[in-house]
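The structure appears right after this line, and notes come after that.
Bear in mind that the values here come from a model prediction, so they are computed numbers and not experimental data. Values below: every heavy atom of this structure, side chains too, minus hydrogens, waters and symmetry copies.
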Amino acid sequence: MNLASLDLNLLVALRALLEERNVTRAGRRIGLSQPATSAALARLRHHFADDLLVRTGNAYEPTPLGAALLVPCATACGLLERLFTSRAEFDPATERREFTIIASDYAVAVFGAALARALHAAAPASRLVFQQVGPEIAENTDATLSAVDGLLMPHGVVSGLPTVELYRDEWVCVVAADHPDIGDGLTMDDLARLPWVVYQRPYDAPAARQLGMLGLEPHVEVSVQSFQLLPSLVAGTRRVALIQRRLAELLAPIADVRVLPCPFEAVPVQEALWWHPVHTQDAAHIWLRETAARVAADLTALTPAAEGAGAAGA
């Protein structure tokens, strides 16, 4: 298809219509009159040879094609917004920019908080938005990252995209501080007989996959979509959980748990910032990447023991 023959204003109208499911509200959202919005809907219906929205009672519902277009339309709008706000230079002290990063709650607690402090100091007019990691990141990485500034994720989940290395971490086990059955260390037999708290998304926790490769199928009592909740769900119980050392050391004093080495050689975490190639030459994005690298270097310098332990497990 020849893009020169398309009116890209229709993309904005399409997104508003599919999200609002109402011609009047969609027009108000994008600054068009009701007749103009109705005309845009007519042109879209002609282009796609589909009604896109159909009346059901007193409301409009998307057709199957309309529903299928909603996410790609929002992604395309986000990409275009970022494309046309790109600048050759970026002055963090004076310019306003919103940076959006997809990250797990672990990455936000361990790295994101330090990055937010750096932006507060150097780019006071800018805003940092963290979005939770969803299943779509593994299913359609390119499309997801094209509409945001980056993804905080260890190696082993995504590949083939630009990245800057950040810091290393290692997997440890946490048990209740007063666990009646555990002394100074854990064995593989302990992991086999104790009940577990686990993080639900296996692509974010490769150490859990390693247990299966070792022939150990944990008895899972609780599963949760938050790394930060693992210690509190272990405290006061006989449960055990796998968690990143940096996060465990932040939460252990609060949750009343003990941090113990894994009784198996868990592959360490190498956290990185990934981004879509469309952002590579954007001056603001370059500044963000350089800032992230400096924050990571400071984080590594503050915790040489953990870095050494992670390197030893590699």
### Message
Test side-chain contact (heavy atoms from CB on, under 4.5 Å) on Glu271 and Val110; report intermediate values, then the result.
### Response
CA-CA 11 Å; Glu271 193 78 1; Val110 170; over 6 Å; no
### Task
Evaluate side-chain contact (heavy atoms from CB on, under 4.5 Å) for Leu242 paired with Trp196, printing each intermediate quantity in order.
CA-CA 9 Å; Leu242 275 171; Trp196 278 76; 3.8 Å; yes
### Task
Test Ile101 against Val148 for side-chain contact (heavy atoms from CB on, under 4.5 Å), laying out the working first.
CA-CA 6 Å; Ile101 296 177; Val148 299; over 6 Å; no
### Message
Determine whether Leu211 and Phe264 satisfy the following criterion, side-chain contact (heavy atoms from CB on, under 4.5 Å), listing intermediate values before the conclusion.
### Response
CA-CA 9 Å; Leu211 289 173; Phe264 62 95; 3.4 Å; yes
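The two residues Pro62 and Ala67 make their nearest non-hydrogen contact at CB-N, 3.7 Å. Nearest heavy-atom pair across Leu11 and Cys77 is CG-SG, 3.7 Å. When all heavy atoms of Val234 and Ala241 are compared, the pair lying nearest together is CG2-CB, 3.7 Å. Looking at every heavy atom in both residues, Ser232 comes nearest to Ala255 through N-CB, 4.0 Å. Looking at every heavy atom in both residues, Ala284 comes nearest to Phe99 through O-CE2, 3.6 Å. Between Pro231 and Val257, the shortest heavy-atom distance links the atoms O-CG1, 3.4 Å.
Note on Leu14 and Val54: separate hydrophobic clusters, where clusters join Ile, Leu, Val, Met, Phe, Trp and Tyr whose side-chain heavy atoms are under 4.5 Å apart, directly or indirectly. Under the 4.5 Å side-chain heavy-atom criterion for ILVMFWY residues, a single connected hydrophobic cluster contains both Val222 and Ile243. Each of Leu10 and Val12 belongs to its own hydrophobic cluster when Ile, Leu, Val, Met, Phe, Trp and Tyr are linked at side-chain heavy-atom distances under 4.5 angstrom. Under the 4.5 Å side-chain contact rule for hydrophobic residues, Leu260 and Ile254 do not share a cluster. Linking Ile, Leu, Val, Met, Phe, Trp and Tyr residues whenever their side-chain heavy atoms come within less than 4.5 Å places Val198 and Ile182 in a single cluster.
Between the OH atom of Tyr199 and the OG atom of Ser226 there is a distance of 7.5 Å, given to the nearest 0.5 Å. Note that CG of Leu145 is 7.5 Å distant from NE2 of His279, once rounded to the nearest 0.5 Å. Taking OG1 of Thr163 as the reference point, atom NE2 of His155 lies at 5.0 Å (rounded to 0.5 Å). Taking CG of Leu230 as the start and CG of Leu251 as the end, the distance is 9.0 Å to the nearest 0.5 Å. Remark: Leu65 CG to Leu53 CG distance equals 10.5 Å, nearest 0.5 Å. A distance of 8.5 Å separates OG in Ser38 from CG in Leu17, rounded to the nearest 0.5 Å.
The side-chain contact (heavy atoms from CB on, under 4.5 Å) test applied to Glu290 returns Ile286, Arg294, not counting sequence neighbours.
Between the side chain of Trp274 and the backbone N or O of Leu161, no donor-acceptor pair lies under 3.5 Å. The backbone N or O of Gln244 sits nowhere less than 3.5 Å from a side-chain atom of Asp169 that would complete a donor-acceptor pair. Proximity of a side-chain donor or acceptor of Gln228 to a complementary backbone N or O of Ala109 within less than 3.5 Å is not detected. Judged by distance alone, the side chain of Arg258 and the main-chain N or O of Asp178 form no donor-acceptor pair under 3.5 Å. With hydrogens and angles ignored, the 3.5 Å screen pairs a side-chain donor or acceptor of Ser104 with a backbone N or O of Ala107. Looking at His219, its side chain never comes within 3.5 Å of a backbone N or O of Pro195 through a donor-acceptor pair. Judged by distance alone, with hydrogens and angles left aside, the side-chain atoms of Arg239 form a donor-acceptor pair with the main-chain N or O of Leu233 at under 3.5 Å. Within the 3.5 Å criterion, the main-chain N or O of Ala177 finds no donor-acceptor partner in the side chain of Asp256. A donor-acceptor pair is defined here as one N or O able to donate and one able to accept, closer than 3.5 Å; such a pair exists between the side chain of Glu95 and the backbone of Asp91.
Contact annotation: the side chain of Leu152 approaches that of Leu273 to within less than 4.5 Å [non-hydrogen atoms, C-beta and beyond]. Between Leu18 and Leu69 there is a side-chain heavy-atom pair separated by less than 4.5 Å. Within the 4.5 Å cutoff, the side chain of Thr237 has no heavy atoms near those of the Glu221 side chain. Annotation: side chain of Arg168 is not in contact with side chain of Arg245 (no heavy-atom distance under 4.5 Å). Annotation: side chain of Trp287 is in contact with side chain of Leu119 (closest heavy-atom distance under 4.5 Å). Using a 4.5 Å heavy-atom threshold, the side chains of Val23 and Leu41 count as touching.
Sorted by first then second residue, the side-chain hydrogen bond (donor to acceptor under 3.5 Å, both in side chains) pairs that include residues 118-128, not counting sequence neighbours, are Glu98-Arg127.
Put simply, the residue from Leu186, Leu191, Thr187 that forms a side-chain contact (heavy atoms from CB on, under 4.5 Å) with Asp189 is Thr187.
The pair Glu19-Arg29 counts as a salt bridge, with a side-chain nitrogen and a carboxylate oxygen less than 4.0 angstrom apart. Salt-bridge formation is detected for the pair Asp149/Arg97: a Lys NZ or Arg NE/NH1/NH2 atom is positioned less than 4.0 Å from an Asp or Glu carboxylate oxygen.
When the shell of 6.0 Å around CG of Asp184 is examined, it contains 12 or fewer heavy atoms from other residues, nucleotides or ligands.
Of the N and O atoms on the side chains of Thr63 and Asp51, not one donor lies less than 3.5 Å from an acceptor on the other residue. No hydrogens or angles considered: a donor-acceptor pair under 3.5 Å links the side chains of His285 and Arg289.
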